[in-house]
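The structure appears right after this line, and notes come after that.
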Amino acid sequence: MEVNDNIPAQGTAGNDSCQKCGIPSYEEGYKIRLCAPCRRGLSRYPIKKEVLWAALGVGLLVLFSLAKFPKSFTAGLNYERALKLEEQHKYISAEAALRQTLKDYPEYLQGACHYMIAAYYNDHLAEADSAREHWAGQTFNKEKELIERVNEVLGGFKNYHFEDTAFHFVRDSLGNDNIAYRAALKQYVQQHPKDNLANYLLADQYFETHEYTATDSLCGQVLTAAPDFQPAYGLLAAAYREEKQYEKATAICNRWLKLNAESVDAHVSLVKILLKQKQDKQALEKALYAYGLEPDNASIMQALTLAYHFNKQTKERDALLARVKQNADTSWLGNLQGVIAGTIPYRD
Amino acid sequence: MFFIPGIIITIVTFPGVVAHELAHQLFCRLCGVAVFEVKYFQAANPAGYVIHEPVRNPVHQLWIGIGPFIVNTLLAAIIAFPAAIPVMKFSSGNSLDYLLLYLSISIGMHAFPSIGDAKTMWNTLWHGEDTPKWLKVVTVPVVGIIYAGALGSFFWLDLFYGMGVSLGLPVLLIKMMA
């Protein structure tokens, strides 16, 4: 930018006339004498055609690029939201947001890592495992903290497998012979006392036969060795609940919720504890919250049906019960119908 | 820190020079100041210029002087926005994204007014008889910042600014909105 005090004289300018066109009037206050139309004309100095065409071209490119902008913007927003949700241990919401991001950017490695973490904490192990496909053969050194978390989760996967993989076949071969399975499991645990999955499954066996002290002991052992192994929290809370140790059961659920603030199973456990304590209104509130998180989850549908039942909301109960019947997981349906019919006692 | 002759940087980032001069021209038009000549780009020093008449209202000189800072920054941000997210967040940019980012960074790099702009502002505003005191007070830091920016360009400050506007701003905005 430069300032020029002179203008090449174009008219026959005198001292009292416009230096450009020579008419005998000019605007006061300027160093260069120009009439208003000449000044306006010069201020609108023409822009070169090449520059205009280039600007138009850039404008078109930007417009073209804007067509895909909503997709990338939403994906970016979902990703950042997911990171914040993950920090708050709200893994259900984080997983949903990351699923959206990966739908648009399936090759995004960091997104796949965070998705795996969220899915793992939601006990969606198949989804967590599928996320691993994204980083096959890729090197990734940028975010050490993320790598450490991924490694933690990968370590956690081991808790869902027997140390001795052959025992999977033993279990499958025993089919529905529960007595033989229990005996084999006991023997296996004696041989592999640090196998978290086996200890958990044995605890589950004890729970089924109402041996709650043994359940408590084994679950405690598992949770000391693997504090992220969430199924053990559910079993331990259920054992305390059945022993009517409601405070302890609630404390376990709260520990579980610190691990995953949106754990549907932890909320379902709390709903059952509250119903046992005849705190029906609070149970319904919690059940509705959990239902909002995962409306298609069978266990929350069943817990909400129970909560409706004890709150005497029969219309809502029956509507939900109809949905429970259509669900693939009807494992608890008989019990649920028994409790509703009054043939199975649920609480004192 | 490595040294690349200024003329090479200017040639590589010529879209920014064009936008810079267009910004001066635009503010001349908005302020009704007569323009006598515009050079959008040349491979010489200065790389571009706008020759205009002395202003009647000293505030107009300030606007014309800082015009490129406003226009180039806005243009750089707008051009970069759709391209920056796929490249910066998802490492999945295509050639159009990279072209837009090149344009955006080039334009952002030339947002700072030049030393020539600062000299013109200083001569017109600080030494101007009609300049109100408040405007003289405003002029000092503005010219100071321009000189600091020119000094900083030895350390690639202009490049960092261009990258900040083009790459950092969209990512920051998304983080704030999330």
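Numbers restart at 1 for each chain; the letters A, B, ... are given by sequence-line order, proteins then strands. Given the structure is predicted, the values throughout are model-derived calculations rather than measurements.
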Would you say the side-chain atoms of B:Q25 pair up with the backbone N or O of A:Y45, donor to acceptor, closer than 3.5 Å? yes
Can you see which heavy atom on A:Y105 is nearest to which on B:S92, and at what distance? CE2-OG, 3.1 Å
pair A:S43-B:H52: side-chain heavy atoms closer than 4.5 Å: no
Under 4.5 Å heavy-atom distance to chain B, tell me which part of A:V51 shows up: side chain, backbone, both or neither. side chain
With a 4.5 angstrom heavy-atom cut-off, which part of A:P70 approaches chain B: side chain, backbone, both or neither? neither
For A:R40, is it the side chain, the backbone, both, or neither that has a heavy atom closer than 4.5 Å to a heavy atom of chain B? neither
Give the minimum heavy-atom separation between B:L100 and A:L61, together with the two atoms involved. CD2-CB, 3.9 Å
Choice from B:V38, B:L103, B:I78, B:L99 maximising heavy atom contacts with chain A below 4.5 Å: B:V38
Inspect the contact between A:R39 and B:E53 and indicate whether a charged nitrogen and a carboxylate oxygen are less than 4.0 angstrom apart. yes
Assess the residue pair B:F90 and A:D104 against the criterion (side chain to side chain contact (heavy atoms under 4.5 Å, CB included)); give the C-alpha distance rounded to whole Å, side-chain angles, the decisive distance to 0.1 Å, and a yes or no. CA-CA 10 Å; B:F90 301 119; A:D104 293 326; over 6 Å; no
For the residue pair B:I85 and A:F73, what are the closest heavy atoms and their distance? CD1-CD1, 3.9 Å
For the backbone of B:V33 and the side chain of A:Y30, can you confirm whether one donor and one acceptor N or O come within less than 3.5 Å of each other? no
Any donor and acceptor pair, going by atom type alone, linking the side chain of A:K84 with main-chain N or O of B:K175 inside 3.5 Å? yes
Please name the pair of heavy atoms, one in B:K89 and one in A:Y79, separated by the smallest distance, quoted to 0.1 Å. CE-CD2, 3.7 Å
Output yes when B:R56 and A:E27 qualify as a salt bridge under the 4.0 Å nitrogen-oxygen rule, no when they do not. no
Can you tell me if B:K136 has over 12 outside heavy atoms packed within less than 6.0 Å of its NZ? yes
